[in-house]
Number of protein chains: 2
Amino acid sequence: MAAATRSPSHAQDHILAERKRREKLSQRFIALSSIVPGLKKMDKASVLGDAIKYVKHLQEKIKQLEEQTKKRTVESVVLVKRYHLPADDDSNSSSNDDDDSKSNVEKAPEIEARASERDVMIRIHCEKQPGVLAKVLTEVESLHLSIVNSSVMPFGNSTLDITIVAQVTN
Amino acid sequence: MAAATRSPSHAQDHILAERKRREKLSQRFIALSSIVPGLKKMDKASVLGDAIKYVKHLQEKIKQLEEQTKKRTVESVVLVKRYHLPADDDSNSSSNDDDDSKSNVEKAPEIEARASERDVMIRIHCEKQPGVLAKVLTEVESLHLSIVNSSVMPFGNSTLDITIVAQVTN
DNA sequence: CTCCACACGTGATTC
DNA sequence: TGAATCACGTGTGGA
């Protein structure tokens, strides 16, 4: 009850440890205040408060941006159907997993087709991948089509625009 | 120097104020730790450290998402409406239609344009006419565009599909 | 029993 | 002069 902390050697140890703890905290406070923009008051309370407000703001912004990108990607896939590569398992795929931090943004290729007499035109706007042209061509030829003309154009950083004209072989 | 805190009435006031300040800080700490996901240690130091790390992560993510949306937004397809070429044809419409085997396909040229970064893609689906390519190219070049790639494909009997990739020259 | 983290009261400093 | 903030040393309680 009376004398709690004896052993003067460890007493000084305690005060030293506590001093170190405070220093660490102060350091973290400084670090936190350095990455939060628009800080007017450097109070500990203000730093914490503004940091909280800032984090909430960032979270909200991220949510909005992710919705935007999701909508955008879905919005530009309206043209034809979904592209079905062979050799892929068909699964139910109604998984309701919520997001992880990094969600892969999948871009569905836009495919447009039109026919006139014996000619068929296929236009594909997709991501630039090695071997995609050959894959598409073989895919097309595997049908009743003989390719008459084809053109591949790079567009932007990572996009390809493939135009194919083929004729039906009956 | 000697006696600092006079007025014993205000002495208790001081300790009270300090107590309130601590309470506010603790409250903020709790609030901060509640919005930072994946917290294992509830240490003040750990809360601060993880909050710092989390804020940095959010900032980085926002930067990436904003870049993505920028590209996506610009890349959206814009279907150009009826483009009236400076061709001066007074249409003798409707009167004597020759016996077409099929219904009249739309004669107005379809023009589609999309942009990504500095690249602009223009696709024209129109009737096959002599000199139409040169006309289109000069038309495009007369704008702020330098042509990077172009392709012309015949399609069907009397249709042309022109694809042009150009870059804005500012 | 030894660490570790916390809250407390208190003196000093600043506006 | 107050009011408000800070760092310090210390006691205490939980792993």
Side-chain angles (χ1 to χ4, degrees), chain A residues 1-66 96-103, chain B residues 1-66:
Chain A
M1 282 235 194
T5 307
R6 290 137 197 210
S7 62
S9 55
H10 296 55
Q12 209 71 11
D13 191 17
H14 181 35
I15 148 179
L16 186 71
E18 180 65 10
R19 199 174 292 182
K20 192 175 127 199
R21 168 180 167 269
R22 280 195 221 103
E23 181 126 357
K24 184 161 65 179
L25 280 186
S26 275
Q27 197 172 340
R28 301 265 167 99
F29 263 104
I30 297 179
L32 180 60
S33 61
S34 69
I35 63 173
V36 175
L39 275 178
K40 177 56 184 173
K41 309 279 291 182
M42 285 292 276
D43 285 324
K44 286 183 177 178
S46 301
V47 169
L48 280 183
D50 289 335
I52 294 174
K53 181 184 167 190
Y54 181 56
V55 167
K56 288 183 180 176
H57 176 244
L58 290 187
Q59 289 173 338
E60 192 66 25
K61 196 166 186 175
I62 282 190
K63 198 185 293 182
Q64 290 181 2
L65 285 180
E66 279 182 341
N96 54 349
D97 55 336
D98 238 349
D99 67 313
D100 273 32
S101 51
K102 344 180 135 182
S103 61
Chain B
M1 282 240 189
T5 306
R6 299 131 193 205
S7 58
S9 54
H10 296 52
Q12 208 70 13
D13 190 17
H14 178 34
I15 147 180
L16 187 71
E18 180 65 7
R19 199 174 293 183
K20 191 175 140 195
R21 167 181 167 269
R22 282 195 219 104
E23 181 127 359
K24 181 161 68 180
L25 280 186
S26 275
Q27 196 171 341
R28 300 262 168 104
F29 262 104
I30 296 178
L32 179 60
S33 61
S34 69
I35 62 174
V36 175
L39 273 179
K40 178 56 184 171
K41 309 281 289 182
M42 285 295 275
D43 283 325
K44 285 184 178 177
S46 301
V47 168
L48 281 183
D50 289 335
I52 295 175
K53 182 186 166 191
Y54 182 56
V55 167
K56 288 183 180 176
H57 176 244
L58 289 186
Q59 290 173 337
E60 194 65 26
K61 194 166 185 175
I62 282 192
K63 199 185 290 181
Q64 291 180 2
L65 283 180
E66 278 182 341

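Below, chain A is the first sequence line, B the second, and so on; all start at residue 1. Heavy atoms only: backbone and side chains are in, while hydrogens, waters and symmetry mates are out. For clarity, every value in this text was computed on a predicted model and none was experimentally measured.
- One interatomic measurement links the two molecules: NE2 of B/His10 to P of C/dA12, which rounds to 19 Å at whole-angstrom precision.
- Counting only distance, with no hydrogens or angles, the side chain of A/Ser34 and the backbone of A/Ala31 share a donor-acceptor pair below 3.5 Å.
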Review item, nucleotides 13-15 of chain C N/O atoms under 3.5 Å of protein N/O:
none

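- Atom CZ of A/Phe29 is separated from atom P of D/dT5 by 13 Å (rounded to the nearest Å).
- The base of D/dG11 is paired with the side chain of A/His14 by a donor and an acceptor separated by under 3.5 Å.
- Look at CG on B/Asp43: it is 11 Å from P on C/dC4, rounded to the nearest Å.
- Contact check of residues 15-24 of chain B against DNA chain D (heavy atom, cut-off under 4.0 Å) returns B/Glu18, B/Arg21.
- The residue among B/Met42 and A/Asp13 whose nearest nucleotide of DNA chain C is located toward the 5' end is A/Asp13.
- Taking every heavy atom of both residues into account, B/Tyr54 and A/Gln59 meet most closely at OH-NE2, 2.8 Å.
- Atoms CD (A/Gln12) and P (D/dG11) sit 13 Å apart, rounded to a whole Å.
- Under the side chain to side chain donor-acceptor pair (under 3.5 Å) rule, B/Glu18 has a single partner from B/Arg21, B/His14, B/Lys20, which is B/Arg21.
- At a threshold of 4.5 Å between non-hydrogen side-chain atoms, the residues A/Ile52 and B/Ile35 count as touching.
- No donor-acceptor pair under 3.5 Å is formed between the side chain of A/Ser46 and the backbone N or O of A/Met42.
- Atom pair B/Lys41:NZ and C/dC3:P shows a separation of 17 Å (rounding to whole Å applied).
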